[in-house]
Amino acid sequence: TVEAWVTATKPNGVIAARGGPAQGFAISLSKGRPVFDVRSDGRLTSVAGTKRIIGGWHHVVGVLGGDKTMRLYVDGQLVGEGKSPGLITSDPAQSLEVGGDAGSAVGNYDSPNTLTGVVDEFRLYFAEATEQQVAARFNDQAELMDDPILVVTFDDGSARDLSLNRINGNIVNGKPAKGKSGRGIRFAAAKKGRNKNARQGN
């Protein structure tokens with residue numbers, strides 16, 4: 001389960017991505033619509049919402065279940081569902097990135113596909129969130145589940161991991177900005193030859 005709050009001013013960009021063309025996952029915007037991508041042994045499956053979410057804050061959650069079902073939620077509601085041909089069978093080689101995908105692309109987009117907007121309250125879980133948990137997270141700000149793998153609030157202007165794992169990252173040219181809760185990180189579409197994103201270590 002991967003989740004983040006995002007407000008975007010342009011219709012395309014990666015909210016978060018981990019991995020590349022062999023194994024990985026990503027949540028992104030394409031023509032203003034949210035997309036959840038999963039790569040399993042080189043095979044890509046994408047689930048997309050039908051409504052544009054440009055402007056305003058939106059809660060985006062991607063879930064890959066043990067039965068290979070993919071679910072995409074926006075603002076507590078299921079907006080897309082599909083089936084991956086497989087699970088992510090090995091640890092992706094490329095690090096987690098928030099605000100872009102500067103390495104080899106996970107999804108059907110050209111790297112770095114930098115987001116233009118603000119990302120806040122990023123979470124990653126090695127567990128499958130239920131529809132009820134996602135709705136409660138959106139409506140009541142209750143944490144999705146115990147034992148997150150990664151929690152990055154950006155409140156102190158850094159990519160410090162507040163989970164017990166302490167998988168701290170670095171901000172690369174992103175700037176602190178008003179977030180959904182406290183502060184987030186603002187990204188801008190990179191000029192040619194430049195990337196602006198937050199990188200998280202393996």
Student check: side-chain heavy atoms of Leu72 and Leu78 closer than 4.5 Å: no

Evaluate the side-chain proximity of Thr114 to Val14: yes if any heavy-atom separation is below 4.5 Å, no if none is. no

Taking the side chain as C-beta and beyond, is there a heavy-atom pair between Trp5 and Phe138 under 4.5 Å? yes

Check the pair Thr69 / Asp67 against side chain to side chain donor-acceptor pair (under 3.5 Å), numbers first and verdict last. CA-CA 6 Å; Thr69 297; Asp67 63 354; 3.1 Å; yes

Okay, side chain of Ser40, backbone of Pro85: is any donor-acceptor separation there less than 3.5 Å? no

Begin with the C-alpha distance, continue with both residues' side-chain angles, and end with the deciding distance and a verdict on salt bridge (charged side-chain N to carboxylate O under 4.0 Å, His left out) for Asp91 and Arg18. CA-CA 10 Å; Asp91 193 28; Arg18 172 80 199 278; 3.1 Å; yes

Cluster check Val6, Leu96: I/L/V/M/F/W/Y, side chain < 4.5 angstrom: yes

Whether Thr7 side chain and Gly56 backbone form a donor-acceptor pair below 3.5 Å: yes

Heavy-atom pair of closest approach, residues Ala17 and Gly100: CB-O, 4.5 Å

Candidates Asn165, Leu124, Leu164, Asp161 - the one meeting side-chain contact (heavy atoms from CB on, under 4.5 Å) with Val151: Asp161

Using the salt bridge (Lys or Arg N to Asp or Glu O under 4.0 Å) criterion, which residues pair with Asp156? Sequence neighbours excluded. Arg160

Check: Asp101 and Val106 side chains under 4.5 Å, non-hydrogen atoms: yes

Name the residue from Ile149, Leu144, Val63, Val2 that meets the side-chain contact (heavy atoms from CB on, under 4.5 Å) definition with Tyr125. Leu144

Rounding to 0.5 Å, atoms OG (Ser90) and CG (Asp41) come to a distance of 7.0 Å

Say whether Val38 and Ile27 are linked into one hydrophobic cluster, either directly or through other cluster members, by side-chain heavy-atom distances under 4.5 angstrom. yes

Taking C-beta and beyond as the side chain, do Val47 and Val35 meet within less than 4.5 Å on heavy atoms? no

Exactly one of Met145, Arg71, Gln133 should register a side-chain contact (heavy atoms from CB on, under 4.5 Å) with Glu128. Which one does? Arg71

Asn139 side, atom CG; His59 side, atom NE2 - distance, nearest 0.5 Å: 10.5 Å

Sub-4.5 Å side-chain heavy-atom contact between Leu162 and Thr153: yes

Could you state the interatomic distance from CD1 (Ile88) to CZ (Phe25), rounded to the nearest 0.5 Å? 6.5 Å

Could you tell me which non-hydrogen atom of Ser104 sits nearest to which non-hydrogen atom of Pro21, and how far apart they are? CB-CD, 3.3 Å

Partners passing salt bridge (Lys or Arg N to Asp or Glu O under 4.0 Å) against Arg123 (at least two apart in sequence or in another chain): Glu121, Glu143

Quick one: do Leu87 and Leu44 end up in the same hydrophobic cluster if we chain Ile, Leu, Val, Met, Phe, Trp and Tyr together by side-chain heavy atoms under 4.5 Å apart? no

Return yes if some donor-acceptor pair links the side-chain N/O of Glu3 with the main-chain N/O of Gly62 below 3.5 Å, else return no. no

Can you give me the closest heavy-atom contact between Ser158 and Val152, atom names plus distance? O-CG1, 4.3 Å

Would you say Val74 ends up clustered with Leu64 if hydrophobic residues are merged whenever their side chains have heavy atoms under 4.5 Å apart, either directly or through other cluster members? yes

Using a 4.5 Å cut-off on heavy atoms from C-beta on, say whether the side chain of Leu150 contacts that of Phe122. yes

Which heavy atom in Thr116 sits nearest to a heavy atom in Ala189, and how many Å separate them? OG1-N, 3.0 Å

Check the hydrophobic clustering (I, L, V, M, F, W, Y; side-chain heavy atoms under 4.5 Å; chains of links allowed) and say if Val134 and Met70 are grouped together. no

Taking the side chain as C-beta and beyond, is there a heavy-atom pair between Leu29 and Leu115 under 4.5 Å? yes

What is the distance from atom CZ of Arg33 to atom OG1 of Thr50, rounded to the nearest 0.5 Å? 7.5 Å

Passes side chain to side chain donor-acceptor pair (under 3.5 Å), Asp75 versus His58? Steps please. CA-CA 6 Å; Asp75 297 339; His58 296 280; 2.8 Å; yes

In Å, rounded to the nearest 0.5 Å, how long is the span from OH of Tyr109 to OG of Ser30? 11.0 Å

Closest non-hydrogen contact found for Phe154 with Val98 is CZ-CG1, 4.2 Å

Spacing of Phe126 atom CZ and Thr1 atom OG1 [to the nearest 0.5 Å]: 10.5 Å

Any donor-acceptor pair under 3.5 Å from Glu97 side chain to Ala102 backbone: yes

Polar side chain donor-acceptor pair, Asn108 to Ser46, under 3.5 angstrom: no

For residues 178-186, dump all side-chain donor-acceptor pairs below 3.5 Å to protein atoms at least two apart in sequence or in another chain.
| unit_1 | atom_1 | unit_2 | atom_2 | d |
| --- | --- | --- | --- | --- |
| Arg183 | NE | Asp155 | O | 3.1 |
| Arg183 | NH2 | Asp155 | O | 3.3 |

